[in-house]
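Data first, discussion second: the structure below is written as structure tokens.
Whatever order the structure lists them in is the order used to number ligands and atoms, beginning at 1.
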Amino acid sequence: MRERILIHCDLDAFFAAVETLHHNLDPDVPLIIGSDPKNGQGRGIVSTCNYAAREFGIRSAMPISEAWRRCPGQPLGPALYHRGTHRLYRHASNRVMAILSQHAGKFEQASIDEAYLDVTEQCGGDWNRAEGLCRQLQQLIMADISLSASFGIGPTRVAAKMASEARKPGGIFLVHPGGLQEFFSSHPCRAVPGIGPKAAQMLGELGIMMLSDAYREGPDLITDAVGSRRAKMLWRILEGDSSNEVSALRSRKSIGKERTFSHDVKETEVVFDMLENLITQVTRKLRNLEITARNVEVKLRYRGFETVSHARSLAVSMDDEETFKRIASRLLANVYDTTRSVRLVGFRVGDLEAPPNRQATLDTFSEEE
Ligand SMILES: [Mg+2]
């Protein structure tokens with residue numbers, strides 16, 4: 001079996017970049033997209049922000065009051081605070097995805113600003129041609145909609161995804177199959193999708209800070225630190241044995257839960273707490289069935305029944321509650337208009353994978369609530 005050549009494309013600070021273009025803003029001025037900060041008294045959250053704002057430690061899903069404390073807006077400080085404009089993001093995303101899908105043998109949109117491409121056949125197995133293709137795609141996206149994109153190339157989804165982070169913004173980074181161990185070794189454990197802050201801390205307590213430490217210590221010590229489930233996932237990634245499949249044909253099967261509040265909820269914390277609660281329940285169900293998932297989706301319904309949802313594909317199929325919570329809270333922050341009252345919250349995992357002896361069980365989980 002020939003190695004696959006996968007590309008991961010990730011638009012740079014996407015929402016902020018679209019707002020910057022649309023309003024003709026200075027990219028060096030910190031831009032925070034989210035709720036009205038109300039001079040530091042606002043009770044909402046940060047949806048996302050540009051690189052200049054990230055320099056101040058501002059992050060998606062952070063309370064907007066905390067963002068204001070770190071970098072206030074006029075007249076106290078230089079930051080610009082904007083409400084998000086999702087219609088613009090969808091439009092820009094569609095144009096980028098059209099360009100990417102036209103140039104890839106296999107294409108999978110992973111989220112509003114990310115996609116995986118499998119270019120093995122069209123590049124004739126030639127990694128340098130894949131790198132040339134990335135450069136071309138970068139130029140096409142810039143010429144068409146003036147957006148900056150980063151690309152990672154690697155033999156697995158995780159490698160390609162981590163490679164796209166390596167030279168952000170506007171970079172291209174290539175990880176050859178033979179260079180996989182060297183590439184991973186230079187990263188902290190925390191950089192692996194599926195190793196969150198808690199898992200990284202448990203590894204750290206055994207002296208495994210970097211992935212080079214993980215290679216040296218081997219799978220047994222990792223199992224002691226984070227349990228066999230996570231250890232197996234991590235070890236497969238390190239060995240280059242994790243998923244290399246890029247597919248637009250998605251499984252329609254999913255497991256989800258949603259909850260309608262008894263009264264419309266104005267407090268963002270209540271909404272986030274309910275989301276965490278739903279994730280705990282869904283993860284428990286996944287684990288009982290020995291199923292993993294590669295797609296997560298959050299759903300929000302406002303008073304008046306307008307419903308928004310936001311989904312993303314993961315680099316690895318998993319059943320890790322901590323990771324689901326981290327990703328889902330960011331997805332929620334991206335779409336949540338915190339000035340509005342919320343009626344319903346939902347969480348769903350899809351693209352389910354089960355070991356062969358569990359396939360029959362999987363078949364019974366079509367769109368279950
Ligand atoms: Mg991005």
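When the shell of 6.0 Å around CE of M209 is examined, it contains 12 or fewer heavy atoms from other residues, nucleotides or ligands.
Residue pairs meeting the side-chain hydrogen bond (donor to acceptor under 3.5 Å, both in side chains) criterion with at least one member in residues 179-196: none, sequence neighbours excluded.
L117 has its side chain within reach of L137: a pair of non-hydrogen atoms, C-beta onward, lies under 4.5 Å apart.
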Let me check something: any side-chain donor-acceptor pairs from residues 259-270 under 3.5 Å, sequence neighbours excluded? List them with distances.
residue : atom : partner : partner atom : Å
D264    : OD2  : R303    : NE           : 3.0
K266    : NZ   : S341    : OG           : 3.4

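Contacts of R236 classified as side chain to side chain contact (heavy atoms under 4.5 Å, CB included), with partners at least two apart in sequence or in another chain: D241.
Judged by distance alone, the side chains of E165 and S150 never bring a donor and an acceptor atom under 3.5 Å apart.
Around the Mg ion (ligand 1), the protein N, O or S atoms found under 2.8 Å comprise D10 OD1, L11 O, D113 OD2.
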